[in-house]
Amino acid sequence: MTGVPATLDARFRAAAAATGELDVAYDVLDDTPVGKLLVGVSERGLCSVHFDPDPERELEDLARRFGPRVLRSPSAIDRARLELDEYFSGRRHAFDLELDLRGMPDFYERVLAELARVEYGHTTTYGALAARVGAPKAARAVGTVMNRNPIPIVLPCHRVVGASGSLTGYGGGLERKEWLLRLEGALL
Amino acid sequence: MAVAAIPPFERFYEAHNGEVLAFLRRRAGRDRADDLFQETFLRALRAYGRLEHGDHLRAWVMTIAANTLVDAARRDRPTGELVVEPGGEDPLPAFEELAPLTDGLPPKERAAVVLRYGYALDYDEIGAALGSSEDAARQAASAGVRRLRKEKDA
């Protein structure tokens, strides 16, 4: 679409990320075992993981949440890319990434913080998670938070299942939830 | 009148990078254009967070590219020595040619003359770049040209 040589384009994108002036640097990982993923990082940390991204919408959304200086910059997400690769290949059980949850309502933040403590290969239920944030009747609200989790996989909402043990639902589709739980050995 | 929303920088960059690079190559040659290209968009990135609306972004980035060229020319030739490359591909006068000629003009008239005759921007874009209306840009350019003629005749 543009007449800019690839090397020049790549050089600018890397330089832009290096200035620290970007609100969000992102890239799209085209072929992970769970399909296409858009991964975004801010200066504070990982701020977005998105299944089947529709770039037009995702960029607008990131710009609204973090500011308009949103640019694709593959080198800026190297660390997150590496950890995700390791996770997908079964070599990594915990992520070692700073997270940026700016702008999330307080309840979301509390629920997501609890979610982060659910360990690899384990599952919990919506109700149990609700109880752990001091709102035992809020299982449904916790379900909503899971559904809108801005950083799935890394914040492991796939480890939250229904009280009956059924998978219930997943923002990225049940097939993916099943795949992730199998990877972790939580499903046989 | 409603103003345009500021698009994500990615969209802005994709929309204008080809044109900016072509412009810089015409003015500065292929070799130097790459560095100027990067500098132009890094400057745009720095200022992007302070934009109040997304109108006239093309004129805005072309003005930044023009300024980047001028600054680079200054760095390269601190003595102000004038170098005009003969027979360039571009029918428009090189900025280096136009800039010293317009040195004596009031800033707004100078900018309007340079953007119009050096870069062939439309008046609405010049107005946007200068923060004034299309008419004001047209008037500033023609006042500048009148003043230049007068100086030449004097």
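Lettering of chains follows the sequences in order, A, B, ..., and the numbering in each one begins at 1. In what follows, every heavy atom counts, from backbone to side chain, and hydrogens, waters and symmetry copies are set aside.
Within the 4.5 angstrom heavy-atom criterion, only side-chain atoms of Arg13(A), from C-beta onward, approach chain B. Both the backbone and the side chain of Phe41(B) come within contact range of chain A, with heavy atoms under 4.5 Å apart. Of the two parts of Leu42(B), the backbone and the side chain both hold a non-hydrogen atom closer than 4.5 Å to a non-hydrogen atom of chain A.
Of the possible donor and acceptor atoms, one in the side chain of Asp55(B) sits under 3.5 Å from a partner among the backbone N and O of Ala4(B).
Using a 4.0 Å cut-off between charged nitrogen and carboxylate oxygen, Asp52(A) and Arg176(A) count as a salt-bridge pair.
Residues Ser42(A) and Arg44(A) have side chains that never bring a donor and an acceptor to within less than 3.5 angstrom of each other. Side-chain polar atoms of Glu184(A) and His158(A) form a donor-acceptor pair below 3.5 angstrom. Between the side chains of Asp9(A) and Tyr13(B), at least one donor N or O lies within less than 3.5 Å of an accepting N or O.
Across Ala15(A), Pro55(A), Ala63(A), Gly67(A), the residue that shares the most heavy-atom pairs under 4.5 angstrom with chain B is Ala15(A). When the candidates Leu22(A), Val70(A), Thr7(A) are compared by the number of heavy-atom contacts under 4.5 Å with chain B, Val70(A) comes out ahead.
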